[in-house]
Amino acid sequence: MTEKLLTIKYCEYTSMDELAPEDRNLIEKAFEATASSYAPYSGFNVGAALLLSDGTIVKGANQENIAYPSGLCAERSALFAAGSNYSDKRVVTLAIVSAQNGVLLDEPATPCGACRQVMAETQMRYGEKMRVIMAGAKRIMIFDSVDDILPFIFDSKEVKRADI
Ligand code: THU
C-alpha cells in the first residue's frame with residue numbers, strides 16, 4: 001500500500017481590487033447574469049460568465065423548473081450556450097457568483113459536481129487549461145485549471161465506442 005497526498009493550488013483574494021481588470025470585468029458580467037436567473041423555488045441566483053478566446057463573453061444563469069431535476073445550473077447554462085453558439089472558440093476563463101435579492105453573496109460560489117464534470121470536458125475538448133474564478137464579495141478563489149477542482153475525472157478515453 002502506498003499512501004498518496006494530493007495537493008491543489010489556487011489563489012485567494014479578499015478584495016476585487018486585487019484582481020486583474022479582465023477578471024474583475026468577468027465577475028461583473030457573472031453578477032449581471034444573476035438578474036436572468038429563474039429561481040422561484042430556491043431563491044438562490046447563480047450567475048456565470050465565460051471569456052472566450054476571441055474576447056467574447058457568454059453569460060448564463062440558473063434556470064429552475066417545477067420538475068426540479070429539469071432545471072439547469074448557471075455554469076452549464078453558460079457552457080452549453082457557448083458550445084452551441086461559439087463552438088470554435090476556446091473557453092479561457094469561467095467566473096461564477098451567487099446572489100440573493102440582488103446582493104452578491106460574501107462567500108465564493110462553488111460549483112456542483114455535475115458542473116465540474118462539464119467544465120472538465122470543456123477543458124479537454126479545447127486541449128488547454130480553463131481558469132475558474134469562484135467569486136464572493138469578501139473572498140475570491142482563482143484556479144488555473146479544472147484539474148484542481150475535479151481530480152480523478154471520469155476520462156472519456158476509457159469509454160470504448162461500440163462498433164457502428
Ligand atoms: N446552482 C447553480 O446554478 N450552480 C451550481 O453549481 C450549484 C447550484 C443552482 C441550482 C439551483 O437553481 C440553485 O442553485 C439552488 O441549488
Side-chain angles (χ1 to χ4, degrees), residues 6 8-14 16 19 22-52 56-87 89-126 128-156:
L6 190 69
I8 63 164
K9 191 199 79 174
Y10 65 96
C11 295
E12 188 169 282
Y13 304 85
T14 50
M16 300 280 177
L19 303 178
E22 196 177 63
D23 288 343
R24 243 190 344 252
N25 180 54
L26 202 62
I27 292 170
E28 183 59 36
K29 298 291 176 206
F31 181 66
E32 278 174 26
T34 62
S36 306
S37 158
Y38 175 66
Y41 306 107
S42 71
F44 193 70
N45 306 122
V46 185
L50 311 178
L51 174 68
L52 306 187
T56 302
I57 290 179
V58 176
K59 296 195 272 185
N62 56 328
Q63 305 295 318
E64 297 184 352
N65 190 279
I66 186 62
Y68 292 178
S70 305
L72 195 64
C73 292
E75 300 89 319
R76 276 176 288 161
S77 297
L79 287 164
F80 292 152
S84 303
N85 295 293
Y86 305 97
S87 58
K89 306 283 184 291
R90 177 171 82 85
V91 183
V92 178
T93 308
L94 160 61
I96 318 154
V97 304
S98 43
Q100 261 172 325
N101 303 314
V103 179
L104 179 67
L105 297 190
D106 284 345
E107 282 300 306
T110 54
C112 77
C115 286
R116 290 175 200 222
Q117 177 74 28
V118 172
M119 288 177 207
E121 180 124 356
T122 303
Q123 182 173 274
M124 270 191 273
R125 177 176 174 176
Y126 295 107
E128 273 186 68
K129 304 289 180 206
M130 183 174 95
R131 297 172 68 242
V132 181
I133 302 176
M134 304 179 192
K138 296 220 167 121
R139 203 157 65 89
I140 303 117
M141 299 190 288
I142 302 188
F143 299 81
D144 285 339
S145 166
V146 180
D147 303 347
D148 289 322
I149 60 169
L150 189 62
F152 303 112
I153 167 98
F154 174 65
D155 189 336
S156 58

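Ligands are counted one by one from 1 in listed order, and the atoms in each one are counted from 1 as well. We number each residue from 1, following the sequence as shown.
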With distance as the sole test, does S87 use its side chain to make a donor-acceptor pair with the main-chain N or O of S84 at under 3.5 Å?
no
Under a 3.5 Å cutoff, is there a donor and acceptor pairing between the side chains of S42 and E64?
yes
Side-chain polar contacts of residues 25-32 - donor-acceptor pairs under 3.5 angstrom, sequence neighbours left out - could you list them?
residue: E32; atom: OE1; partner: K59; partner atom: NZ; Å: 2.9

Run the numbers for me: atoms of ligand 1, each under 4.0 Å from some heavy atom of E75, listed by number.
2 (C), 3 (O), 4 (N), 5 (C), 6 (O)
Considering heavy atoms of the protein only, find what lies nearest to atom 1 (N) of ligand 1 and give residue, atom and distance to 0.1 Å.
C73 SG, 3.6 Å
Do N45 and T34 have a side chain donor and acceptor closer than 3.5 Å?
no
At under 4.0 Å between heavy atoms, what of S42 touches ligand 1? The answer is side chain
Below 4.0 angstrom from a heavy atom of F44, which ligand 1 atoms are there? Numbered from 1 as shown, please.
14 (O)
Side chain, backbone, both or neither: which part of Q63 comes within less than 4.0 Å of ligand 1 when only heavy atoms are counted?
neither
Ligand 1 atoms nearer than 4.0 angstrom to some heavy atom of E64 are 11 (C), 12 (O), 13 (C)
Starting from atom 3 (O) of ligand 1, what is the nearest protein heavy atom, named by residue and atom, and what distance separates them?
A74 N, 2.9 Å
Output yes when the distance from some N or O of ligand 1 to some N or O of C115 is under 3.5 Å, and no in every other case.
no
Could you check whether any side-chain N or O of S77 sits under 3.5 Å from a backbone N or O of A61, counting only pairs where one atom can act as donor and the other as acceptor?
yes
Atom 9 (C) of ligand 1: of N45, I96, N62, N65, the nearest heavy atom sits on N62
For atom 12 (O) of ligand 1, is there a protein heavy atom at a distance under 4.0 Å?
yes
Would you please name every residue forming a side-chain hydrogen bond (donor to acceptor under 3.5 Å, both in side chains) with R131, sequence neighbours left out?
D23, T93
Donor-acceptor side-chain pairing of Q123 and D147 below 3.5 angstrom:
yes
